[in-house]
Amino acid sequence: MKILIKNGIVVEPIKKLTDKMDILIEENKITRMAEEIEITEDMQVVDASEKHIFPGLVDIHVHLREPGYEHKETIYSGTRAAAKGGFTSICCMPNTDPVADNSSVIRFIQHRAADEGVVKVFPIGAISKKLEGQEISEIGMLAEAGVVALSDDGNTVMNSGVMRRAMEYATPWNLPFISHCEDQNLVDNGMVNEGYASLMTGLPVYPKAAEETIIARDIALAELTGAKLHIAHLTTKGGVELVRQAKAKGLPVTAEVTPHHLALSEEDVLSFDTSYKVNPPLRSKEDVTALIEGLQDGTIDIIATDHAPHAYEEKMVEFIYAPFGIAGIETALPVIYTYLVKDGKLSLLEMVEKMSSKPAEILGLPVSKLSEGENADLIIVDLDRELEVEIKDLVSKGKNNPFIGQRLTGWPVMTMVNGKVVYQRSGFNASN
Amino acid sequence: MSSLKSKHMLGLDGVTREEISLILKTAEAMKEIFTRKVKKVPTLTGKTVVNLFYEPSTRTRASFELAGKMLSANMMNLSSSSSSVVKGESLIDTGKTLEAMGADIIIMRHSAQGSCKLLSQHVKASIINAGDGNHEHPTQALLDMFTIKEKKGQIEGLTVLIVGDILHSRVARSNIFGLLTMGAKVRVVGPATLIPVEYKKLGVEVFYTLEDALQGADVVNILRIQRERQKKGMFPSIREFHRFYGMNERIIPYLKDDVLILHPGPMNQGVEIDPIIALDDRAVIEEQVTNGVATRMALFYLLAGRGNQNEDLN
């Protein structure tokens with residue numbers, strides 16, 4: 001059966017296209033895109049009137065928690081949460097148990113994703129064995145197994161010599177390094193922004209300098225070794241400036257920001273609500289403004305969720321005992337649309353670019369484009385739909401989402417991977 | 001004003017001047033009970049008050065216990081040397097258990113900032129914060145302010161200096177919030193590693209030299225220095241702390257004649273305070289303890305009935 005998506009507005013960031021177009025899908029591929037495609041009997045028609053069609057979103061920063069922490073999330077639940085959020089390709093971080101620092105764990109994740117997943121899963125391998133920052137992982141074998149990047153996310157490789165050697169050693173495989181920038185000596189047990197948040201709560205401080213010193217170090221190491229460097233979850237004004245300078249020098253440095261660091265700030269932490277406990281912490285309003293400016297001028301290349309699910313009971317404790325993390329993959333698109341696009345801070349095309357084609361480009365992911373001959377990885381989005389985020393609607397096992405209770409606009413109504421519908425909103429019927 | 005807005009006392013951040021004045025005024029009446037032969041009134045008869053202490057405490061716990069008993073409450077003391085997390089039961093579950101036992105007021109001390117707020121969101125009892133980590137210790141600040149008002153007649157316009165480890169001090173934080181609300185000028189002094197400079201934004205004057213900070217100070221509140229801070233490298237040695245920030249003989253010439261010297265206790269004599277200062281006529285450290293009972297009685301009085309959930313039990 002062919003599928004014809006009719007009357008939708010196609011937003012395609014590579015050709016910078018925003019046009020009303022019909023899309024014909026045969027088997028797993030987009031075979032035709034045209035202003036008007038006539039309906040024939042062998043077609044199943046999806047009415048996308050008043051709706052937008054984006055290429056499937058790409059999230060390069062996700063914690064699927066499997067293997068080892070299946071009570072927080074599994075590949076089964078995490079990929080369904082991704083599909084609901086409009087993501088058709090995701091990259092999962094290696095801080096699992098066992099750590100994804102060897103090809104066996106990578107292959108396990110790939111097999112589980114093939115068996116149980118509904119979106120494309122690209123594993124990221126660890127820089128150091130067991131994420132301990134001491135000995136470098138078997139980077140060559142990780143590359144052979146198909147990792148798309150290297151990261152010790154959650155940790156920083158604190159020993160600069162080890163980081164340098166890893167970057168140097170990885171040269172033949174040209175894998176990007178995704179750096180979680182946190183000087184652990186400066187952070188110690190810190191957990192909230194040093195400033196208003198720490199002042200009012202008495203919670204241990206996580207200074208901005210902890211992020212900035214490691215960004216500066218890793219930029220210097222990227223320059224020294226020629227490695228591609230991608231800065232994970234940028235949160236500070238100073239960090240944005242460092243990336244801006246590195247780009248001006250022509251260094252291969254890219255950066256991401258999360259929806260929560262764009263939409264929330266340190267003042268939210270005063271509630272002691274553990275949904276706001278995240279690493280790096282929510283920063284000041286001034287930092288948020290700088291992040292948005294960085295996104296606008298291209299210093300920050302992409303938006304990534306850092307989807308970090310935790311079990312309900314793990315977060316229902318005193319703030320200092322709660323684990324860090326926000327599980328935001330299901331709300332990422334509406335958060336960005338509501339907070340940035342509706343306010344005119346980001347155009348629709350920019351949003352789609354920074355959440356699909358650009359992240360794919362940074363990691364060189366074999367991700368389909370929204371054009372003829374490509375695999376059909378696309379989503380239909382209702383930009384007028386306003387919905388209150390309710391805990392019962394979240395399909396991720398992690399309910400640690402600070403946007404619960406907020407009304408957000410711009411929700412995916414259908415997600416298609418390789419021509420197959422993997423998510424559709426109840427009430428929106430693709431098989432009509 | 002005759003009542004408090006909230007049925008909880010979680011901290012002085014957000015508590016109004018009228019509310020603080022009401023508590024201090026009520027405490028005056030409560031202190032009068034001390035002078036009676038029979039030190040007991042029936043205000044809290046039939047109410048259950050729980051002292052839930054996850055951190056060791058002598059004076060605060062005893063003070064709440066005595067305050068409750070003088071008001072005829074059924075007092076229950078629960079202490080746990082380990083935190084709820086270590087014990088395995090969550091704080092919320094412990095709170096629910098106490099609620100099921102009919103607790104009207106739960107006084108909690110806990111090492112985690114915000115823990116009292118968390119508890120207040122899950123139980124119907126009134127929660128009184130007896131110290132939550134480095135966050136707040138509102139009853140200590142209230143008794144300090146009561147003592148200042150008693151001795152000085154007023155709080156507004158006075159210059160109050162807080163000395164020592166401001167960074168880790170819940171006493172400092174609650175005092176700063178309360179004193180600023182009451183119109184006092186607040187100064188802090190201590191090693192630069194122990195003073196969060198953000199306090200300036202709230203209007204607090206920051207000093208690094210004790211002699212300078214003491215000039216014109218009407219009240220000096222000396223904080224306890226925890227020796228483990230030195231081990232964490234916050235300052236080089238106890239000896240050096242004592243040299244620059246210890247209230248000792250050296251600073252006597254800088255004290256105002258009518259200065260009021262406070263210390264929340266327990267004192268580290270020879271560290272942040274020397275006996276010559278503790279025994280000075282201008283120090284009112286023991287009287288603070290008496291005032292602590294009166295202030296806590298006042299709080300019980302004002303919160304009594306507010307957290308009553310017994311009618312919901314059947």
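What you see is a predicted model, and the numbers here were worked out from it, not measured in a lab. Within every chain, numbering begins at 1; the chains are lettered A, B, ... in the order of the sequence lines, protein sequences first and strands thereafter.
- For chain A, the nearby part of F177(B) is the side chain; its heavy atoms alone come within less than 4.5 Å.
- Between the side chains of S115(B) and Y321(A), no donor N or O sits under 3.5 Å from an acceptor N or O.
- Counting heavy atoms from C-beta on, the side chains of R173(B) and M200(A) never come closer than 4.5 Å.
- Within 6.0 Å of atom CZ in F207(B), more than 12 heavy atoms from other residues, nucleotides or ligands are found, so the atom counts as buried in its surroundings.
- Using a 4.5 Å cut-off on side-chain heavy atoms (C-beta onward), Y54(B) and E318(A) make no contact.
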Next item on the list: Using the side-chain contact (heavy atoms from CB on, under 4.5 Å) rule, take L118(B) and T274(A) through it: C-alpha gap first, then chi angles, then the decisive distance, then the call.
Entry: CA-CA 10 Å; L118(B) 179 70; T274(A) 58; over 6 Å; no
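- The OG atom of S198(A) lies 11.5 Å from the NE2 atom of H135(B); values are rounded to the nearest 0.5 Å.
- In R164(A), the CZ atom is not crowded: 12 or fewer heavy atoms of neighbouring residues, nucleotides or ligands sit closer than 6.0 Å.
- E198(B) places no side-chain N or O within donor-acceptor distance of the main-chain N or O of Y196(A), the cut-off being under 3.5 Å.
- Environment of NZ in K208(A): crowded, with over 12 heavy atoms of neighbouring residues, nucleotides or ligands closer than 6.0 Å.
- For the pair T201(A)/N134(B), no side-chain contact is recorded, criterion being any heavy-atom separation below 4.5 Å from C-beta on.
- Interface residue D188(A): only side-chain heavy atoms are found under 4.5 Å from chain B.
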Next item on the list: Report the C-alpha separation of Q113(B) and F319(A) in whole Å, then their side-chain angles, then the decisive distance to 0.1 Å, and conclude whether the side-chain contact (heavy atoms from CB on, under 4.5 Å) test is met.
Entry: CA-CA 7 Å; Q113(B) 296 87 327; F319(A) 197 93; over 6 Å; no
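- Residue E194(A) touches chain B through both its backbone and its side chain, counting heavy-atom pairs closer than 4.5 Å.
- Remark: Y312(A) OH is loosely packed, at most 12 non-hydrogen atoms of other residues, nucleotides or ligands lying under 6.0 Å away.
- Applying the 6.0 Å contact sphere to NZ of K399(A) captures more than 12 heavy atoms from other residues, nucleotides or ligands.
- Neither the backbone nor the side chain of K201(B) comes within contact range of chain A, judged by heavy atoms closer than 4.5 Å.
- Checked against side chain to side chain contact (heavy atoms under 4.5 Å, CB included), R65(A) has the following partners two or more places apart in sequence or in another chain: H63(A), Y69(A), K72(A), E73(A), N95(A), A308(A), P309(A), H310(A).
- Contacts between L119(B) and chain A at a heavy-atom distance below 4.5 Å are absent for every atom of the residue.
- Atom CD1 of I176(B) is separated from atom CG of L199(A) by 8.0 Å, given to the nearest 0.5 angstrom.
- At a 4.5 Å heavy-atom cutoff, H168(B) makes no contact with chain A through either its backbone or its side chain.
- Evaluation of the side chain to side chain contact (heavy atoms under 4.5 Å, CB included) rule for D183(A) yields M158(A), N185(A), L186(A), A210(A), T213(A), I214(A) as partners, not counting sequence neighbours.
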